[in-house]
Protein chains: 2
Amino acid sequence: MAKTSIKEVAKQAGVSAATVSRALSSPELVSDKTLTRVLAAVSDTGYKPNRFGASLRTQKSGNVVVVMPDITNQVNAGIIRAIENEAMQAGYSVLLGDTQNIQARESHYGDMVSSGQADGILVFTPRIPFPTDEDQQPINDLPPLVNSCEEIPNDTIHKVMIDNRAGAIAAVEHLLSLGHTRIAAVKGPALTPSTESRLLGYKEALTQAGIKVDEKYIITGDYGTDSGVIAMEKLLRLRDRPTAVFCFSDDMAIGAMNTLREYDFRIPEDISVMGFDDIRYAKLMSPTLTTIKQPLTEIGKESMKMLLAQMKGESVANKRITLPFELVVRQSTGPVPS
Amino acid sequence: MAKTSIKEVAKQAGVSAATVSRALSSPELVSDKTLTRVLAAVSDTGYKPNRFGASLRTQKSGNVVVVMPDITNQVNAGIIRAIENEAMQAGYSVLLGDTQNIQARESHYGDMVSSGQADGILVFTPRIPFPTDEDQQPINDLPPLVNSCEEIPNDTIHKVMIDNRAGAIAAVEHLLSLGHTRIAAVKGPALTPSTESRLLGYKEALTQAGIKVDEKYIITGDYGTDSGVIAMEKLLRLRDRPTAVFCFSDDMAIGAMNTLREYDFRIPEDISVMGFDDIRYAKLMSPTLTTIKQPLTEIGKESMKMLLAQMKGESVANKRITLPFELVVRQSTGPVPS
DNA sequence: CTGAAAGCGCTTACAG
DNA sequence: CTGAAAGCGCTTACAG
């Protein structure tokens with residue numbers, strides 16, 4: 001690489017380094033004549049200001065970190081895209097951390113903020129990626145930080161969430177309205193607040209309808225397709241099989257449908273299946289998948305906006321944004337078999 | 001944030017800044033007693049070395065940039081995960097650029113290397129993200145760079161590819177072996193070398209089998225699901241419908257199958273469908289999707305390894321790695337209807 | 001409008 | 001084994 005420094009450009013233009021700097025960042029402070037000469041020299045040399053020099057001086061990196069548990073997940077990928085679009089418009093670059101729920105990795109990305117490499121952080125895991133005490137409270141002041149999707153148990157943190165409990169209630173009520181009473185749940189991994197909330201909603205909706213919650217009908221998966229396959233296999237072995245299965249992710253629902261097909265069950269005539277997320281493939285399944293749609297683009301956009309506001313030092317009036325979900329009814333759910 | 005500088009740590013430990021720096025990066029140069037005191041001070045203050053200070057001095061950023069055309073694509077997401085794993089092991093962080101085939105964005109990420117923010121770049125688009133002349137040749141020396149998947153027309157660049165032409169031949173030969181002769185192709189967007197190569201293979205395999213290539217059977221998509229839907233609609237309108245459709249991506253194949261279902265075609269009894277990639281959902285479709293598997297993890301891993309070698313200044317013997325693909329036969333392809 | 005100077009935080013060759 | 005000093009490349013308050 002041609003690593004041209006500001007000095008060389010200054011020499012070539014016959015001005016001082018200070019003037020080159022001004023010409024590039026505040027051209028209105030420089031005379032037209034000088035500006036022209038400087039820009040010519042910049043273009044001649046292919047000069048790009050060294051970010052480290054600038055950042056060291058200004059104490060701003062122009063970067064934000066995004067901590068995601070699983071980037072291969074369609075849901076997260078959609079969110080990241082929205083984040084990056086928003087960040088780019090604001091002149092920020094995105095450092096992506098695919099942390100796979102490994103705490104050491106989360107801390108690594110947290111350190112990037114602590115070490116000045118990034119000015120703020122978006123956290124999609126339910127843990128603060130900074131040193132905490134035994135009560136999970138941060139030891140030091142936190143940098144600009146927004147927490148989305150998987151809620152960190154700390155009220156001082158800014159958040160962008162959907163109402164997972166209400167989403168699950170909507171899902172179960174949809175199944176109830178079709179006459180189902182033996183409704184199973186395939187939940188996500190333990191320790192994910194999203195799953196805890198959805199489980200609450202699931203139980204609440206059943207109880208509300210006068211149906212006793214049966215733990216046999218609650219299977220734990222990991223939000224991934226394979227775990228949906230396994231969960232459905234378990235459910236099929238039950239003496240009183242469920243007539244409907246509410247999976248807490250579309251991926252698990254897709255896995256579950258695969259198992260049903262393998263054992264020649266008809267969907268939804270024999271067993272109804274629904275998911276959560278509305279990933280791109282939900283409407284392309286056979287049968288198409290009934291699900292709760294998450295507003296991915298909005299989640300990414302609002303999260304980034306909130307972070308930008310914090311980084312600018314604006315006081316954010318609303319510490320918590322709750323975005324709407326939507327019940328999307330397709331072919332995979334139908335009336336309870338008589 | 002507690003922005004502790006090395007000076008404060010030095011003061012607290014009663015040593016010089018130089019000694020703190022040594023204690024952290026080369027502890028063997030420091031006496032045990034001093035080391036203990038320094039580490040205590042570091043831990044007390046929560047000190048994280050400012051990366052910009054260090055990078056400015058060492059002229060190394062510890063970052064690599066990845067330029068991807070579409071991060072929401074399952075294929076790319078799998079590759080990124082492998083890249084990040086490999087980078088992290090080597091002590092590098094990944095700056096992800098989701099450029100959506102917008103050249104200005106690609107340049108933006110290229111600039112991050114030019115400005116010293118990253119030490120190398122992985123390019124998954126068919127363009128050099130640096131200034132080029134009218135022949136697409138780089139004007140300046142290139143930094144450490146590896147090009148993968150979508151080939152840049154430049155022989156001096158290091159590359160990790162699969163043999164797209166051979167992959168397409170394998171796909172078509174599979175369909176030929178089932179007796180199909182009216183075999184359609186749904187290709188990716190123009191200007192993607194992967195599509196050009198696969199198209200070559202498609203034509204070659206047909207010609208080899210004595211079948212005339214019919215342009216009516218070649219539809220252009222964009223590798224996405226929606227374009228598969230549309231492409232299949234076009235094919236169904238043809239007077240002599242194809243009996244098999246080779247889609248250049250699984251996403252397009254999934255879209256195509258959706259269209260076939262909508263119009264009550266049976267797969268594969270009426271029309272066979274095959275894809276390319278073997279994304280996670282391919283084996284979960286109904287019917288399961290026959291496809292050409294790309295070694296995603298390997299692509300990511302080898303690309304990163306090659307880049308690491310370049311950044312270390314090692315001379316890389318093999319400028320080009322070609323990774324193996326694999327024909328995965330599932331249910332979506334079957335004998336030609338009689 | 002422009003330049004000289006200081007300083008951001010770090011590392012490392014040099015001296016002791 | 002340790003410290004003082006220089007310098008990486010930039011920006012900006014200060015002076016003119």
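The sequence lines fix the lettering, A, B, ..., with proteins before strands; numbering per chain opens at 1.
Nearest-nucleotide positions on DNA chain D for Arg37(B) and Thr58(B) put Arg37(B) closer to the 5' end.
Between the side chains of Ser55(A) and Ser61(A), no donor-acceptor pair is found at a separation under 3.5 Å. No side-chain donor from either of Gln117(A) and Asn63(A) sits under 3.5 Å from a side-chain acceptor of the other. One side chain, Glu150(B) or Ser194(B), offers a donor N or O that lies under 3.5 Å from an acceptor on the other.
Within the 4.5 Å cutoff, side-chain heavy atoms of Ile80(A) are placed close to those of Met68(A).
Side chain of Lys7(B), nearest nucleotide from dA4(D), dC8(D), dC8(C): dC8(C). The Ser21(A) side chain lies nearest to dT11(D) when the options are dA4(C), dT11(D), dT11(C). Side-chain atoms of Arg57(B) lie closest to dC8(D) of the nucleotides dG3(C), dA4(D), dC8(D). Side-chain proximity of Thr19(B) to dT2(D), dC10(D), dA4(C): nearest is dT2(D). Checking dG3(D), dT2(C), dC1(D) against the side-chain heavy atoms of Thr34(A) singles out dT2(C) as nearest. Out of dC8(C), dT11(C), dA4(C), the shortest distance to the side chain of Ala54(B) is found at dT11(C). Set against dT12(D), dA6(D), dG9(D), the side chain of Arg22(A) has dT12(D) as its closest nucleotide.
Glu28(A) has its CD atom 14 Å from the C1' atom of dT12(D), to the nearest Å. If you measure from atom CD of Glu8(A) to atom C1' of dC10(D), you get 14 Å, rounded to the nearest angstrom. The CG-P distance, from Leu24(B) to dC10(C), rounds to 10 Å in whole Å. Nucleotide dC8(C) holds its P atom 20 Å from the CD atom of Gln117(A), rounded to whole Å. As a whole-Å value, the separation of Leu56(B) CG from dT12(C) C1' is 14 Å. One can place CD1 of Ile6(A) at 14 Å from C1' of dA4(C), the figure rounded to the nearest angstrom. Atom-to-atom, NZ of Lys60(A) to P of dC8(C) comes out at 16 Å; the value is rounded to the nearest Å. Straight-line distance from the CG atom of Leu29(A) to the P atom of dT2(C): 10 Å, rounded to whole Å.
Spacing between dG16(D) and dT12(D) at atom C1', rounded to whole Å, works out to 16 Å. Taking atom P in both dG9(C) and dA13(C), the straight-line distance is 23 Å, to the nearest Å. Nucleotides dC14(C) and dC10(C) are separated by 23 Å at their P atoms, to the nearest Å.
Across the strands present, dG16(D) finds its partner in dC1(C); the criterion is a Watson-Crick or G-U wobble pair with both atom distances under 3.5 angstrom.
Using a 4.0 Å cut-off between a side-chain N of Lys or Arg and a carboxylate O of Asp or Glu, Lys305(A) and Glu86(A) do not qualify as a salt bridge.
Other residues, nucleotides and ligands contribute only 12 or fewer heavy atoms inside 6.0 Å of the NZ atom of Lys7(B).
Here Gln59(A) does not reach the OP1 or OP2 of dT11(D): none of its side-chain N or O atoms lies under 4.0 Å away. The phosphate of dT2(C) (OP1 or OP2) has a side-chain N or O of Ser31(A) nearer than 4.0 angstrom.
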